[in-house]
J.: 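Sending over a structure as structure tokens; questions will come in a sec.
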Amino acid sequence: GTEKLQADIKHKLSILKKTIDRTPVRAPDLFHVPHAGAGQIVLVGLPNVGKSRLVFAATNGHAPVKVTDFPFATQLPVPGMAAFEDVQLEFVDTPPVTVDHIPPGLVGTFHSADILALVVDASVDPLEETEELLSILTKREFILRSVPRDQLNPANPHGHSALLVATKSDLAPPDAITTLRELYSDRLETLAVSAETSDGLPAFLARCWQMLSLIRVFTKEPGQPADTKKPFVLPLNATVDHLVNKIHRDL
């Protein structure tokens with residue numbers, strides 16, 4: 001009787017083992033930031049250049065970033081939504097990069113961005129910081145140009161839309177911004193921004209919107225006034241068919 005009971009138990013265990021999903025569970029990618037809003041702008045920079053403060057200012061203080069005076073306070077990407085006219089843009093603060101180290105997974109965050117904002121501190125040595133930052137990204141095969149996304153070659157995965165953002169412009173030496181613009185005018189557009197005074201911030205948001213290559217489409221329901229506050233955001237070459245599917249696939 002005991003042998004029969006043991007055989008019955010073993011048979012039941014065998015059946016249960018077959019029903020168990022033995023697919024290994026993948027740990028979540030802490031560096032993956034889902035796209036939200038009209039477009040995703042990821043900030044890239046060396047330690048203590050003001051990325052967190054810039055995201056805090058752009059999102060009107062709503063992004064849960066750590067604004068500190070010491071480096072490496074940001075350990076993981078932190079997204080926040082910024083309002084530009086009647087659309088939302090997603091800005092992502094990231095851990096700093098150095099010649100010796102880029103946090104694992106951060107390169108993937110850069111690749112998935114719609115626009116890369118290369119942030120340098122205009123009050124210290126922006127030229128040296130820019131050269132160091134470009135060297136870091138070039139070694140990882142990033143090809144950066146200040147062109148709208150629709151002008152990139154889709155067959156080249158290394159091409160990215162990018163802007164050179166000189167922060168702390170209120171503290172910069174007189175010729176610092178001018179020098180950056182002259183040296184990198186052939187490939188990168190330089191924008192001067194101060195998170196403290198908000199100087200240059202509206203122009204930065206506007207330029208990000210332009211480089212996303214998007215259009216806003218305003219709709220109205222039959223018999224109702226047009227909705228002029230919540231547009232649908234579509235690619236620059238979108239058709240009416242794209243809009244219809246965006247509203248509801250059953251249409």
J.: Would you check, one step at a time, whether the test side chain to side chain contact (heavy atoms under 4.5 Å, CB included) holds for Val124 with Asn48?
T.: CA-CA 11 Å; Val124 183; Asn48 253 20; over 6 Å; no
J.: Residues in ring pair (Phe, Tyr, Trp, His ring centres under 6.0 Å) with Phe56, at least two apart?
T.: none
J.: Flag yes if more than 12 heavy atoms outside Lys12 fall under 6.0 Å of its NZ atom; otherwise flag no.
T.: no
J.: Would you say that Leu212 contacts Val233 through its side chain, given a criterion of any heavy-atom pair below 4.5 Å between the two side chains?
T.: no
J.: Given side chains that start at C-beta, do those of Phe204 and Thr167 come closer than 4.5 Å, heavy atoms only?
T.: no
J.: Starting from Ile215, can I reach Ile247 by hopping between I/L/V/M/F/W/Y residues whose side chains sit under 4.5 Å apart?
T.: yes
J.: Ion pair present between Asp8 and Lys4, side-chain N to carboxylate O less than 4.0 angstrom?
T.: no
J.: When rounded to the nearest 0.5 angstrom, what distance separates CH2 in Trp209 from CD1 in Ile41?
T.: 10.5 Å
J.: Taking Ser123 for its side chain and Leu171 for its backbone only, find out whether a donor-acceptor pair lies under 3.5 Å.
T.: no
J.: Going from CG on Asn153 to CZ on Arg145, what distance comes out if it is rounded to the nearest 0.5 angstrom?
T.: 12.5 Å
J.: Considering only heavy atoms from C-beta outward, does the side chain of Leu134 approach that of Leu188 to under 4.5 Å?
T.: yes
J.: Please name the residue in the list Thr59, Asp93, Leu54 that meets the side-chain contact (heavy atoms from CB on, under 4.5 Å) test with Val65.
T.: Asp93
J.: Any idea which heavy atoms bring Thr228 and Phe218 closest together, and the distance?
T.: O-CE2, 3.5 Å
J.: Could you tell me whether Glu196 and Lys168 have a side-chain N and a carboxylate O separated by less than 4.0 Å?
T.: no
J.: Pick out which of Thr130, Leu144, Leu163 makes a side-chain contact (heavy atoms from CB on, under 4.5 Å) with Leu118.
T.: Leu144
J.: Side chains of Leu152 and Ser161: does their closest heavy-atom pair fall under 4.5 Å?
T.: yes
J.: Is any side-chain heavy atom of Thr239 less than 4.5 Å from a side-chain heavy atom of His242?
T.: yes
J.: Verify, without hydrogens or angle tests, whether His248 (side chain) and Asp250 (backbone) share a donor-acceptor contact under 3.5 angstrom.
T.: yes
J.: I'd like to know if Ile177 and Leu127 are part of one continuous hydrophobic network [Ile/Leu/Val/Met/Phe/Trp/Tyr, side-chain heavy atoms within less than 4.5 Å].
T.: no
J.: Of the non-hydrogen atoms in Leu30 and Pro77, which two are nearest, and what is the gap between them?
T.: O-CD, 3.9 Å
J.: When clusters are formed by joining ILVMFWY residues with side-chain heavy atoms under 4.5 Å apart, either directly or through shared neighbours, do Phe84 and Leu43 land in the same one?
T.: yes
J.: Got Lys51 and Phe91 here, is their nearest side-chain heavy-atom distance under 4.5 Å?
T.: no
J.: Test your reading of the model: is there a side-chain donor-acceptor pair from Ser198 to the backbone of Leu201, 3.5 Å cut-off?
T.: no
J.: A quick test of your reading: do over 12 heavy atoms of other residues, nucleotides or ligands sit less than 6.0 Å from CD of Gln210?
T.: yes
J.: Counting only heavy atoms not in Gln88, do more than 12 sit closer than 6.0 Å to its CD atom?
T.: yes
J.: Can you name the closest pair of heavy atoms from Phe31 and Pro104 and give their distance?
T.: CE1-O, 2.9 Å
J.: With no hydrogens and no angle check, just 3.5 Å: does a side-chain donor-acceptor pair link Asp170 and Thr197?
T.: no
J.: How many angstroms lie between atom CZ of Arg216 and atom NZ of Lys230, to the nearest 0.5 angstrom?
T.: 16.0 Å
J.: Looking at Ala122 and Ala172, what are the two nearest heavy atoms and their distance?
T.: O-CB, 3.4 Å
J.: Quick check: do Leu106 and Val97 have side-chain heavy atoms less than 4.5 Å from each other?
T.: yes
J.: Please assess Val217 against Lys246 for the test side chain to side chain contact (heavy atoms under 4.5 Å, CB included), listing each intermediate value before the final yes or no.
T.: CA-CA 11 Å; Val217 181; Lys246 189 96 170 180; over 6 Å; no
J.: Please report the interatomic distance CG(Leu76) to NE2(His32), rounded to the nearest 0.5 Å.
T.: 13.5 Å
J.: Give the cluster check for Val42 versus Met81: same hydrophobic cluster or not, with ILVMFWY residues linked at side-chain heavy-atom distances below 4.5 Å.
T.: no
J.: Please report the closest heavy-atom contact between Lys229 and Asp86, naming both atoms and the distance.
T.: O-CB, 3.8 Å
J.: In the hydrophobic clustering that connects Ile, Leu, Val, Met, Phe, Trp and Tyr at side-chain heavy-atom distances below 4.5 Å, which members other than Leu5 occupy its cluster, ordered by chain and number?
T.: Ile9, Leu13
J.: Is a donor on one side and an acceptor on the other found under 3.5 Å between the side chain of Ser213 and the backbone of Asp150?
T.: yes
J.: Using the rule that Ile, Leu, Val, Met, Phe, Trp and Tyr join whenever any side-chain heavy atoms are under 4.5 Å apart, tell me whether Val107 and Leu46 fall into a single cluster.
T.: yes
J.: Can you see whether Ser14 engages His11 through a side-chain donor-acceptor pair at a distance of less than 3.5 angstrom?
T.: no
J.: Which label fits His111 and Phe142: parallel for a plane angle under 30°, tilted from 30 to 60°, or perpendicular past 60°?
T.: parallel
J.: Should Val120 and Val49 count as side-chain neighbours, where that means a heavy-atom distance under 4.5 Å?
T.: no
J.: When rounded to the nearest 0.5 angstrom, what distance separates CG in Leu116 from CG in Leu137?
T.: 7.5 Å
J.: Rounded at 0.5 Å granularity, tell me how far CZ in Arg53 sits from OG1 in Thr68.
T.: 8.5 Å
J.: Could you pull out the closest heavy-atom pair between His35 and Glu90, with the gap in Å?
T.: CA-OE1, 3.6 Å
